[in-house]
Amino acid sequence: MKREILCVSTFFTFLAVSSVFAVSYSSIKDNCRDLTTAQYKIYSNELKGQSVQLEGEVIDVEKRFFSSSYHVTVDTNRDSLTDVVFSTDESTAMELKKGMPYNISGEIENVEREFSACSLSLEQVTID
């Protein structure tokens, strides 16, 4: 029993130490697929506030109700599913082209996981 506790403790210590470094989007996607639900809950909470950079195609941009901001959805692997979402101002929203690839960086606000796939909500986004 002590051995199991040590292994679990070592695993979560690794997660905590690895969160000090920049997180890669591919590692987030791999962990969505590979971690158990219990492990993933801890991992996804540690991701909040971490910086991430990725490349993806804009799926859509739409104005938010009762707000001056726009909601942007991005696909990172060309499967037409939303992988990343964020809000932006009108001038940036009007420059984005559907289906065009962009380099996107931001801070992770939230991570959603469904059926071993994940979707990131970002804040403080920059687009190149």
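Since the structure is predicted, the reported quantities are computational estimates derived from the model, not experimental observations.
The line from CG of Asp128 to CD of Gln53 is 9.0 Å long, rounded to the nearest 0.5 Å. We find the OG-CG distance between Ser119 and Asp75 to be 10.5 Å, quoted to the nearest 0.5 Å. Taken from CD1 in Ile28 to CG in Leu47, the straight-line distance is 5.0 Å, to the nearest 0.5 Å.
The shortest side-chain heavy-atom distance between Thr37 and Arg113 falls under the 4.5 Å cut-off.
Partners of Ser27 by side chain to side chain contact (heavy atoms under 4.5 Å, CB included), not counting sequence neighbours, listed by chain and number: Val23, Ser24, Tyr43. The salt bridge (charged side-chain N to carboxylate O under 4.0 Å, His left out) test applied to Asp34 returns no partner, not counting sequence neighbours. Evaluation of the side chain to side chain contact (heavy atoms under 4.5 Å, CB included) rule for Thr76 yields Tyr25, Lys29, Leu54, Asp83, Val84 as partners, not counting sequence neighbours. Lys48 is linked by a side chain to side chain contact (heavy atoms under 4.5 Å, CB included) to Asn45, Asn110, counting only residues two or more places apart in sequence or in another chain. In this structure Ser68 satisfies the side-chain hydrogen bond (donor to acceptor under 3.5 Å, both in side chains) test with no other residue, sequence neighbours excluded. With sequence neighbours excluded, the residues satisfying side-chain hydrogen bond (donor to acceptor under 3.5 Å, both in side chains) with Ser105 are Thr126. Annotation: side chain to side chain contact (heavy atoms under 4.5 Å, CB included) contacts of Thr88 (sequence neighbours excluded): Tyr70, Val72, Phe86, Thr92, Ala93.
In plain terms, the two heavy atoms of Thr73 and Val85 that are nearest each other are CG2-CG1, 3.8 Å.
Under the salt bridge (charged side-chain N to carboxylate O under 4.0 Å, His left out) criterion, no residue pair touches residues 84-111, with sequence neighbours excluded. The salt bridge (charged side-chain N to carboxylate O under 4.0 Å, His left out) analysis of residues 55-66, with sequence neighbours excluded, yields the pairs Glu57-Arg78.
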Please lay out, stage by stage, how Val74 and Ile59 fare under the test side-chain contact (heavy atoms from CB on, under 4.5 Å). CA-CA 5 Å; Val74 176; Ile59 297 174; 5.9 Å; no

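Clustering of Ile, Leu, Val, Met, Phe, Trp and Tyr side chains at separations under 4.5 Å places Phe65 together with Phe66.
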